[in-house]
Asker: 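Could you have a look at this structure, given as structure tokens, before my questions?
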Protein chains: 2
Amino acid sequence: MIALHDVARTAEVSKATASRALSGHGYVAAETRDRVISAAAALGYVVPGTSALPRGRTSTLGVVVPHINRWYFGEVLEGIEHALVSSGYDLTLYELSSDASERRRVMENFLVRRRVDAVIAVGIELTVSEVDLLRSLATPVVGIGGHVDGVTTLGIDDVAAAAIATDHLLALGHRDIVHVGADHYTEPDSPVYAQRLRGFRRAMATAGLEGRFRVSPLSIPDGFAHGLTLLADDTQRPTAIVAGSDEIAIGLLLAARQLGLAVPAELSIVGIDGHQLAELFGLTTLEQHPRQYGSSAVALVLATLAGSASETAPTWQPSPAHLVVRSSTSAPAHDSGREVV
Amino acid sequence: MIALHDVARTAEVSKATASRALSGHGYVAAETRDRVISAAAALGYVVPGTSALPRGRTSTLGVVVPHINRWYFGEVLEGIEHALVSSGYDLTLYELSSDASERRRVMENFLVRRRVDAVIAVGIELTVSEVDLLRSLATPVVGIGGHVDGVTTLGIDDVAAAAIATDHLLALGHRDIVHVGADHYTEPDSPVYAQRLRGFRRAMATAGLEGRFRVSPLSIPDGFAHGLTLLADDTQRPTAIVAGSDEIAIGLLLAARQLGLAVPAELSIVGIDGHQLAELFGLTTLEQHPRQYGSSAVALVLATLAGSASETAPTWQPSPAHLVVRSSTSAPAHDSGREVV
DNA sequence: ATGAAAGCGCTAACAC
DNA sequence: GTGTTAGCGCTTTCAT
């Protein structure tokens, strides 16, 4: 275990000088610095995580997600990870199970106790007390997906997004539209699905219609299963579906095909998210950019930590997203994107 | 920021006693302990990450992956995360880009410098020098996927797995079989795809045949694209395909369907991994259990850290996996699993 | 420009 | 049983 001590001794300087030489803080003679740096290199020394302890820092960024193995979250994580490389910060990952007490434990015990210098909450509805807690510790927080009061959040306006998806179908002449997605009960941590449901209902109400809603877990197999039951009986089959996520939409699409329904001729489906498979399946969907949210969020928290963008009022600005309409069921044809603020 | 100091003062004891009371180590009067504990609770104190510093520990487990947003890796991560909950350990995640210097930086600067107490390498071929480095620091390492000399690794025998998949097709009477997968060049960090290729070649050679090989990135869209070019021309179309991963297999399957080919009547496809969509697509595949690998790996490293299973010779035992043969292209029908050691 | 010393928040020997 | 002391590996005043 090579410690600063060893580097200092090899370079024949004190620990203090070695520290300055390596960190770049404070005065140190050019010649001395070179000696220290080559000693460090020769010994294979690299600065440990404890180095920020005296400054009360951990060099660690906490990321909280409700799920790891879902496309959207995976993209966000990759975006974060890439942005973090060569920042000197580590990414520590917390998956919040749906268990409430478990959630409390993670939030309070880990995030809050100087185990992380900042937190990025992805698809998590932080409670006011959680936000207060972090704020009282001066821990920068930025959210991704949804909207949490008082914290800068990256993501689309989910209500508007679902409304646009719905309006698209209404404009196509559809009247019997159902929303297959999640709500507050199936995705208790995440605010976005309930908002998408609201957007759907709002758009339908505005058109003077009453939309149906079916709850489904957010996976392709679940979408498929729901599709089979929903679409098999043509007395209750809708002419169009707004899916709560692309996974559901793809599942529904597969179910429709399995039942021999022509999409979009006999059934129109629109999803939300921009899943990598959307184009492959010819899925009309509202695309956002989770990977960019990740890197932008990192930039934000790092800036705050560096003291630059400190406490500018956390204003929420929905990220741009656009509806990618695909008419054929399998011939990838981009664009005709409609901007969503 | 509530420190142990505050708890101690509130409970009217010394920091040492407070520490003992909270950690459970060493003698402390029951009555005193209660006082400390309630003081801690009242103040909202929780032990910080620095608590293990004096013992030279970080309470952190490093996990290295080549990709985050792929089904297999996501499953492993979820398995690890779940196993870690309430262990007191944090999971810090490193995604190794394919850039070699970047990889060196991560391996040396982060993993090795007491930033983590142990590491789990998922689908990463550690070099001997990397293993030596970690070993010299007494950092426990366990691998998942593939096989690294000197480190206990969880996963199937990929050579055998691919051979079994190939043999299955041979037994079905196929002679013109192609392998669509990755090799050392497309997935430089991961040993497993090259091994699967070897298993395929070996099985073909044993049957006195020469199998064709096509390189493809490991995603559904890429599998789809390769499928279109490979299957469109029926002069060069094989009768069966061994895919290097389920993503590729599913992509191929979709391409085949798009081209109007009946699967498995006109084209047999077998995948490897047990992707959640395999059943949905009626894909015959060799299933392993990435989530369990994750939790088992955690159990292993924690045991080593706790000193129990210390330095027992790291022997590699392939995990069980079995070939799930599905005959229909869309009717989920389990079973007829063949064990693979 | 450099070194000595104090201290980040905690644990562990060692005394009492 | 409990307090005192030293020290984990580093950064940072404060002298010099």
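Letters A, B, ... mirror the listed sequences (proteins, then strands); counts begin at 1. Values below: every heavy atom of this structure, side chains too, minus hydrogens, waters and symmetry copies.
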Asker: Just to verify, what does Val28(B) make a side chain to side chain contact (heavy atoms under 4.5 Å, CB included) with, not counting sequence neighbours?
Answerer: Thr17(B), Ala21(B), Thr32(B), Arg33(B)

Asker: Fill in the dot-bracket string of DNA chain D, one character per base: . for unpaired, | for a pair to another strand, ( ) or [ ] for pairs within the strand, taking Watson-Crick or G-U pairs under 3.5 Å.
Answerer: ||||.|||||||||||

Asker: Can you sort out the partners of Glu78(B) under salt bridge (Lys or Arg N to Asp or Glu O under 4.0 Å), two or more places apart, ordered by chain and number?
Answerer: Arg291(B)

Asker: So, using side chain to side chain contact (heavy atoms under 4.5 Å, CB included) as the criterion, who are the partners of Ala118(A) when residues are at least two apart?
Answerer: Leu61(A), Pro140(A), Val301(A), Leu305(A)

Asker: Could you list the donor-acceptor pairs under 3.5 angstrom formed between side-chain atoms of residues 120-128 of chain B and any protein atom two or more places apart in sequence or on another chain?
Answerer:
{"residue": "Thr127(B)", "atom": "OG1", "partner": "Ser129(B)", "partner atom": "OG", "Å": "3.2"}
{"residue": "Thr127(B)", "atom": "OG1", "partner": "Glu130(B)", "partner atom": "N", "Å": "3.1"}
{"residue": "Thr127(B)", "atom": "OG1", "partner": "Glu130(B)", "partner atom": "OE1", "Å": "3.4"}

Asker: When you get a sec, tell me which of dA12(C), dC8(D), dG3(D) is the closest nucleotide to the side chain of Pro54(B)?
Answerer: dC8(D)

Asker: Which pairs, with at least one residue in residues 82-95 of chain B and sequence neighbours excluded, count as a salt bridge (charged side-chain N to carboxylate O under 4.0 Å, His left out)?
Answerer: Arg115(A)-Asp90(B)

Asker: Which residues pass the ring pair (Phe, Tyr, Trp, His ring centres under 6.0 Å) test with His289(B), sequence neighbours left out?
Answerer: none

Asker: Within residues 19-40 of chain B, which residues have any heavy atom lying less than 4.0 Å from an atom of DNA chain C?
Answerer: Ser19(B), Arg20(B)

Asker: Would you mind reading off the distance between Leu4(B) atom CG and dG9(C) atom P, rounded to a whole angstrom?
Answerer: 11 Å

Asker: When rounded to the nearest Å, what value does the distance between P atoms of dA6(C) and dT5(D) take?
Answerer: 14 Å

Asker: With salt bridge (charged side-chain N to carboxylate O under 4.0 Å, His left out) as the rule and sequence neighbours excluded, what pairs involving residues 7-23 of chain A come up?
Answerer: Asp6(A)-Arg9(A)

Asker: Once you round it to whole Å, what is the distance between C1' of dC10(D) and CG of Leu53(A)?
Answerer: 8 Å

Asker: Evaluate Ile144(B) against Phe73(B) for side-chain contact (heavy atoms from CB on, under 4.5 Å), listing each step before the verdict.
Answerer: CA-CA 10 Å; Ile144(B) 295 181; Phe73(B) 297 103; over 6 Å; no

Asker: Give me the residues of residues 8-16 of chain A where at least one heavy atom lies under 4.0 Å from an atom of DNA chain D, by number, or none.
Answerer: Lys15(A), Ala16(A)

Asker: Check side chain to side chain contact (heavy atoms under 4.5 Å, CB included) between Ser87(A) and all other residues, then give those that pass, not counting sequence neighbours.
Answerer: Leu84(A), Tyr89(A), Leu302(A)

Asker: Please name all residues satisfying side chain to side chain contact (heavy atoms under 4.5 Å, CB included) with Ser190(B), sequence neighbours left out, ordered by chain then number.
Answerer: Glu187(B), Val192(B), Tyr193(B)

